Undergrad: 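Okay, here's the structure, questions in a sec.
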2 protein chains.
Amino acid sequence: MPPFDTEAARTRLLDAAEELFYARGIRSVGMDDIRTGAGLPLKRVYALYPAKENLVEAYLERRDVRWRARLAAAVDAVDEPRERILAVFDWLGAWFREPGFRGCAWINGFGELGSVSPAMARLARAHKQAFADYLDGLVAAAGLRADVGPQLLLLAEGAMVTAGIFGTDAPAVQARAAAAALLRPA
Amino acid sequence: MPPFDTEAARTRLLDAAEELFYARGIRSVGMDDIRTGAGLPLKRVYALYPAKENLVEAYLERRDVRWRARLAAAVDAVDEPRERILAVFDWLGAWFREPGFRGCAWINGFGELGSVSPAMARLARAHKQAFADYLDGLVAAAGLRADVGPQLLLLAEGAMVTAGIFGTDAPAVQARAAAAALLRPA
DNA sequence: TAGCGTGGAGAACGCCCGTTTCCCGCGTAC
DNA sequence: GTACGCGGGAAACGGGCGTTCTCCACGCTA
C-alpha cells in the first residue's frame with residue numbers, strides 16, 4: 001500500500017482539506033467532502049491520516065509554515081528596518097485582498113474548537129507565539145523599545161479579525177498607519 | 001401555556017445558554033445540555049425558541065446589550081475625554097481577568113459559523129459595528145482625528161483575541177499603552 | 001369522586017458524520 | 001487460463017444531536 005504516489009496523494013489531500021477547512025470551518029466539513037475534493041478513496045485518506053484530528057493538525061502545520069514564509073518573503077524584499085515593520089502590514093493588506101480571505105485560520109479554529117480540543121488550542125498558541133516572536137525580532141532589529149512588539153501584534157491581530165468579519169482590507173491600512181505612529185520615538 | 005413563569009424560564013434558559021455557548025462554542029453544546037443547565041423540560045425550551053438558531057440569536061443579542069452597557073458604565077465613571085478612551089482598555093483588562101474569559105463571543109462565533117450561517121455573520125458585524133461606532137464617538141468627543149477611532153478598534157480587537165488565546169490579561173495593558181501613544185498629537 | 005386538561009420527563013425519530021468493512025474488477029504470476 | 005491479491009467505490013455501522021411525540025401524574029371542576 002505505501003509506495004504508490006503517496007506523496008502526491010498527500011498533497012492533494014492537504015490541498016482539499018485546506019481549501020475546505022479554511023472556507024467553512026472545521027466541524028462544518030465532513031470527511032466525505034474532503035475525499036470528494038481530493039478525489040481520493042476514503043480508505044487512502046484514512047491510511048494517510050488515521051483520524052480527522054490528524055488531518056486538521058497537518059493542515060494547520062503546513063499552513064503555518066507557508067504563511068510565515070510568505071510573510072517573511074514580503075518583509076525580506078525591504079531593507080530599512082522600520083520599513084520592514086511596515087511591510088508586515090502591507091503584506092497583510094495583500095493577504096486580505098485575496099479571494100476567499102476569511103480571517104485567520106488559527107483565530108477561527110481557536111474560536112471554534114479552542115475550548116474543546118487541546119490540540120487546536122496548542123496549535124493556535126504556537127502559531128501566534130511564532131508570529132509574536134517574529135515581530136519582536138523586527139522591532140529589535142530596528143532598535144526600538146521592546147514593548148512595541150506586542151503592540152504591533154495587537155494591531156495585526158485586530159486587523160485580521162476586523163478584515164475577516166467585515167470583508168474589507170481597510171484594516172490593513174489603518175493598522176499600518178497606527179504602526180507608523182508607534183514607531184516614532186516617544 | 002403562556003402565562004406561567006415564562007419570563008423567569010426565559011431568563012434561566014438564556015443564562016444557561018450563555019454560560020454553555022460562551023464556554024464551549026455553539027456546535028459543541030447540545031440542546032440537552034442547555035435543558036439540563038436551565039432545569040427546564042425540553043418542551044418548554046422549544047416553546048420559547050422554536051429552534052436552536054433562535055436561541056443562539058437571543059443569547060447573542062442579550063449579551064450584546066449587556067456587554068456594551070458594562071463598557072459604557074466603566075467609561076462613564078471617567079470625565080476627561082482622553083481618559084475615557086483609556087478607560088475602555090482598563091475595562092477590557094478587567095473583563096479579561098474574569099474567570100471563564102474565553103475571548104470575544106462574536107469573534108469566536110464568527111470563526112465557527114460565520115461562513116455557514118448568515119445570521120451569525122450579521123450578528124457579529126452588527127456587534128462590531130456598534131463597538132466601532134462607540135469608539136468613534138469617544139474619539140470625536142476628545143477632539144481627535146477621526147482616523148484614530150478605527151485604530152483603537154484594531155487594538156481592542158487584537159487584545160481580545162490575544163488575551164483569549166493566551167489566557168492572559170497582558171494585552172489589555174499593552175493595548176492601553178499603544179492607545180495612549182496614538183492619542184498624542186502627531 | 002370522576003373526568004379532563006395541562007405540564008413534566010424522557011423516549012423516539014431522522015439525519016448527519018466519523019470510521020470501518022465489504023465487494024468487485026483488474027493486473028500479475030505460474 | 002486460472003488463481004491470487006491489491007486497490008477503488010460505496011455501503012454499513014455506531015454515536016450524537018436537533019426536534020417531536022408519548023405517557024403519566026397532578027390539579028381543577030361539577
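Each chain gets a letter, A, B and so on, in the order its sequence line appears, and its residues count up from 1. On a predicted model such as this, the values are computed, not experimentally measured, just so you know.
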Undergrad: State the CG-CZ distance between B:N108 and A:F110, to the nearest 0.5 angstrom.
TA: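 Reported to 0.5 Å precision, the distance equals 7.5 Å.
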Undergrad: Using five pairs at each end of the helix from C:dT1-D:dA30 to C:dC30-D:dG1 to define an axis, what is the angle between those two axes, to 10°?
TA: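 One end axis against the other gives 30°.
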Undergrad: Output yes when a side-chain donor or acceptor of A:D33 lies under 3.5 Å from a complementary backbone atom of A:G30, and no otherwise.
TA: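 Yes; at least one donor-acceptor contact below 3.5 Å.
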Undergrad: Looking at D:dG9, C:dG7, D:dG7, which one has an atom nearest to any side-chain atom of A:P41?
TA: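 My answer, after comparing the listed nucleotides, is D:dG9.
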Undergrad: Hey, does the side chain of B:K43 come within less than 4.0 Å of C:dG7's phosphate (OP1/OP2), counting only N and O?
TA: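 Checking B:K43 against C:dG7: no side-chain N or O falls below 4.0 Å of OP1 or OP2.
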Undergrad: What's the CG-P distance between A:L40 and D:dA10, to the nearest Å?
TA: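 The answer, rounded to whole Å, is 14 Å.
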Undergrad: Would you kindly give the OH-to-P distance between A:Y49 and C:dT20, to the nearest whole Å?
TA: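 These atoms are roughly 17 Å apart.
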Undergrad: How many angstroms lie between atom CG of A:L14 and atom CZ of A:R62, to the nearest 0.5 angstrom?
TA: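 Nearest 0.5 Å value for the CG-CZ distance: 5.0 Å.
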Undergrad: Once salt bridge (charged side-chain N to carboxylate O under 4.0 Å, His left out) is applied, what residue pairs with a partner in residues 162-180 of chain B remain, sequence neighbours excluded?
TA: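 For residues 162-180 of chain B: B:D90-B:R176, B:R97-B:D169.
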Undergrad: Find every protein N or O atom lying less than 3.5 Å from an N or O atom of nucleotides 11-14 of chain D, and list the pairs.
TA:
none

Undergrad: Please list, by residue number, the residues of residues 31-39 of chain B whose heavy atoms come closer than 4.0 Å to an atom of DNA chain D; answer none if no residue qualifies.
TA: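 Residues of residues 31-39 of chain B that come under 4.0 Å of DNA chain D are, in numerical order, B:M31.
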Undergrad: Got a sec, which residues hit salt bridge (charged side-chain N to carboxylate O under 4.0 Å, His left out) with A:E112, two or more places apart in sequence or on another chain?
TA: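 Expected list: none.
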Undergrad: Nearest 0.5 Å, please: how far is CG in A:L135 from CG in A:L71?
TA: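 Here the rounded value is 7.5 Å.
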Undergrad: Tell me: CD1 of B:I26 to C1' of D:dG16, nearest whole Å?
TA: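 Between C1' of D:dG16 and CD1 of B:I26: 18 Å.
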Undergrad: Between D:dC17 atom C1' and B:L55 atom CG, what is the distance in whole Å?
TA: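 About 15 Å, once rounded to whole Å.
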Undergrad: Output the rounded distance in Å from CG (A:L48) to P (D:dG7).
TA: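 The answer, rounded to whole Å, is 12 Å.
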Undergrad: Just to be sure I understand the rule, does A:V45 reach a base, reach only the sugar-phosphate, or reach nothing, if contact means heavy atoms closer than 4.0 Å?
TA: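 No contact.
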Undergrad: Expressed in angstrom and rounded to an integer, what is the separation of A:R27 atom CZ from D:dC17 atom C1'?
TA: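 So the CZ-C1' distance, A:R27 to D:dC17, works out to 11 Å.
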Undergrad: With a 4.5 Å cut-off on side-chain heavy atoms, are A:F21 and A:I34 touching?
TA: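 SC-SC contact between A:I34 and A:F21 confirmed.
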Undergrad: In Å and rounded to the nearest 0.5 Å, what is the CG to CD distance from B:L60 to B:E18?
TA: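 Nearest 0.5 Å value for the CG-CD distance: 8.5 Å.
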Undergrad: Any side-chain N or O of B:R44 less than 4.0 Å from the OP1 or OP2 oxygen of C:dG8?
TA: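 It does, given that an N or O in the side chain of B:R44 lies less than 4.0 Å from OP1 or OP2 of C:dG8.
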Undergrad: Can you measure B:Y46 atom OH to D:dG18 atom P for me and round it to whole angstrom units?
TA: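 Roughly 6 Å, once rounded to whole Å.
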Undergrad: Please identify each residue that fulfils side chain to side chain contact (heavy atoms under 4.5 Å, CB included) with B:R122, with sequence neighbours left out.
TA: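 Testing B:R122 for side chain to side chain contact (heavy atoms under 4.5 Å, CB included), a comparison that skips the adjacent residues, returns B:E57, B:A119.
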Undergrad: Should the pair A:R68 and A:Y134 be classed as cation-pi, given the thresholds of under 6.0 Å to the six-membered ring centre and 45° from the axis?
TA: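 Geometry flag: not set, cation outside 6.0 Å or 45°.
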Undergrad: Counting C-beta onward and ignoring hydrogens, is there a side-chain heavy-atom pair between B:I107 and B:K128 closer than 4.5 Å?
TA: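 Heavy-atom side-chain distance check passes, below 4.5 Å.
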